[in-house]
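By convention in this document, chain letters (A, B, ...) are assigned in the order of the sequence lines, proteins followed by strands, and residues within each chain are numbered from 1.
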Number of protein chains: 2
Amino acid sequence: MKLGDGVETAIHCVAVLAGLTDGAVMPTAALAEHYDVSPSYLAKHLKALVAGNVLISVPGPTGGYQLAKGPAEISLLDVVLAIEGRDPAFRCKDIRRNGPCVPDDSAFPKPCGIKKAMLKAEQTYRAELAAVSIQDLVTDFQETSDTRVIARGENFIAENERPKKL
Amino acid sequence: MKLGDGVETAIHCVAVLAGLTDGAVMPTAALAEHYDVSPSYLAKHLKALVAGNVLISVPGPTGGYQLAKGPAEISLLDVVLAIEGRDPAFRCKDIRRNGPCVPDDSAFPKPCGIKKAMLKAEQTYRAELAAVSIQDLVTDFQETSDTRVIARGENFIAENERPKKL
DNA sequence: GGGCAACTACTCGGATAACGATTGTCCGAGTAATCATGG
DNA sequence: CCATGATTACTCGGACAATCGTTATCCGAGTAGTTGCCC
């Protein structure tokens, strides 16, 4: 049970993109600089976010990324699933069907109780993540952070965002 | 976000061990035969369960494994943590402290909101697993399974368990 | 001076290596039953 | 016949490879801006 470190980076980047003006975009290089991470590797995660309908990419010079929906419409779960994949963490191989105690393959009409319990727990986990939106995170950040950090963050966005094409 | 396949095997084995008579043990070879898995690899997981205080091992001939506590005292969470490790799935590297927007290292007195949300979701996940005991799984199994499978299972245990030493 | 076309430079997207963790296996330390032996 | 001791065979425990996924990177396709040229 382990989440890739790309999840943290992805969430932070989505939160930054939530702060830029309507229609504007920000390129990979700027996001990588903001958090001092490898641009090449960050690009991989941003790609995944596009595939997961969390971000939209704009090609060419003055291109970059922007949110695919409003910050209130994107949940933590959307980001996590886009990066980690949509398959459940618990994979049942149905080993209960193996071995000498199973007469034939029709002996298990009901689903496996273990599988049910594991998937139920995972669904509550996902529900918890789905209840938190990017907007919530941004609001919390603005309410709890040092004013200097907020000011510098806004300044960074102003310097690195690409305005919407006319 | 992925759980190792050893989790499924471990839970099934613990459930089987819950079925043997008081004080009796069952060796790795029998458990491996029951589910048709590699004995060598299964041994690795059983070791982990001993380290996690879920099972007790008895060495020597007529040795094997038994539950460390009653089936109602062992939760799914105990098994999962023993196999997958106790560390949280979400690992926060605090990348928010990197980059040009951070004046100095004291700029973040409050904990990271993202980290809080991720860990909270994970705690609900663990709480859900902690609420399910091995006893629950065994009861569910006995109520929902084919009678032939139950009979063969009991027969298998009777043939392969090692009774408590006098 | 204005319009147009070719060029340039910068962007994302997919394909490609390197590392680490999980998977899978083996041999050694330890123990209880067994069997031979002696009383 | 019974107690005793060495032997034996079977168990778990820790150390050791192989495979797969994540990590990390690079180069190519495409596009908007730019520049130079022509009208």
Side-chain angles (χ1 to χ4, degrees), chain A residues 1-10 13 17 24-33 36-52 54-66 68 80 82-85 87 89 91 93 95 160-166, chain B residues 1-10 13 17 24-33 36-52 54-66 68 80 82-85 87 89 91 93 95 160-166:
Chain A
M1 178 107 184
K2 198 188 65 169
L3 274 74
D5 65 353
V7 173
E8 182 188 6
T9 310
C13 287
L17 292 177
V25 300
M26 183 173 283
T28 306
L31 290 167
E33 183 195 355
D36 193 22
V37 296
S38 161
S40 308
Y41 189 36
L42 175 60
K44 189 186 192 77
H45 296 315
L46 295 176
K47 265 185 300 182
L49 290 173
V50 171
V54 175
L55 299 184
I56 290 177
S57 67
V58 176
T62 73
Y65 293 95
Q66 64 184 181
V80 171
I83 301 295
E84 293 288 321
D87 291 336
R91 291 161 300 174
K93 288 186 179 174
I95 64 170
N160 291 97
E161 75 176 357
R162 311 276 178 81
K164 185 180 184 179
K165 302 169 212 169
L166 305 179
Chain B
M1 177 105 184
K2 199 189 67 169
L3 272 74
D5 65 353
V7 173
E8 181 189 6
T9 311
C13 286
L17 291 176
V25 298
M26 183 173 283
T28 305
L31 289 168
E33 183 194 356
D36 193 22
V37 295
S38 160
S40 308
Y41 189 35
L42 175 59
K44 190 186 193 75
H45 296 314
L46 294 175
K47 264 186 299 182
L49 289 174
V50 172
V54 175
L55 300 183
I56 290 177
S57 67
V58 176
T62 74
Y65 292 95
Q66 63 184 181
V80 171
I83 300 295
E84 293 288 321
D87 291 336
R91 294 160 297 172
K93 288 186 179 175
I95 64 169
N160 291 96
E161 75 174 359
R162 311 275 178 79
K164 184 180 183 179
K165 303 167 210 167
L166 306 178

Using the closest heavy atom to pick a nucleotide of DNA chain D for each, name whichever of B:Ala29 or A:Val58 lands nearer the 5' end. B:Ala29
How do B:Thr62 and A:Lys2 order along DNA chain D: which one's closest nucleotide is nearer the 5' end?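 The residue whose closest nucleotide sits nearer the 5' end is B:Thr62.
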Contacts of B:Asp5 that satisfy side-chain hydrogen bond (donor to acceptor under 3.5 Å, both in side chains) - sequence neighbours left out: A:Lys93
Residues in side-chain hydrogen bond (donor to acceptor under 3.5 Å, both in side chains) with A:Glu33, at least two apart?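 In terms of side-chain hydrogen bond (donor to acceptor under 3.5 Å, both in side chains), with neighbours along the sequence ignored, A:Glu33 is linked to no residue.
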Residues two or more places apart in sequence or in another chain: which of them pass side chain to side chain contact (heavy atoms under 4.5 Å, CB included) with [X]?
| X | value |
| --- | --- |
| A:Lys164 | none |
| B:Ser38 | B:Ser40, B:Tyr41 |
| B:Ser57 | B:Val50, B:Tyr65 |
| A:Ala48 | A:Ile83 |

[X] [atom1] to [N] [atom2], straight-line distance once rounded to whole Å:
| X | N | atom1 | atom2 | result |
| --- | --- | --- | --- | --- |
| A:Leu3 | C:dA21 | CG | P | 16 Å |
| A:Tyr65 | C:dC10 | OH | C1' | 13 Å |
| B:Asp36 | C:dG24 | CG | P | 13 Å |
| A:Lys93 | C:dT22 | NZ | C1' | 11 Å |

Residues from residues 40-48 of chain A sitting under 4.0 Å of DNA chain D, heavy atoms only? A:Ser40, A:Tyr41, A:Lys44
Taking any atom under 4.0 angstrom from a heavy atom of chain B, which nucleotides of DNA chain D are the first and last to qualify, 5' to 3'?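 Under 4.0 Å from chain B, the extent on DNA chain D is D:dA9 to D:dG21.
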Residues at least two apart in sequence or cross-chain that pass salt bridge (Lys or Arg N to Asp or Glu O under 4.0 Å) with A:Lys44, listed by chain then number, are none
If you measure from CG on B:Leu17 to CG on B:Leu46, what distance do you get to the nearest 0.5 Å?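 So the CG of B:Leu17 and the CG of B:Leu46 are separated by 7.5 Å.
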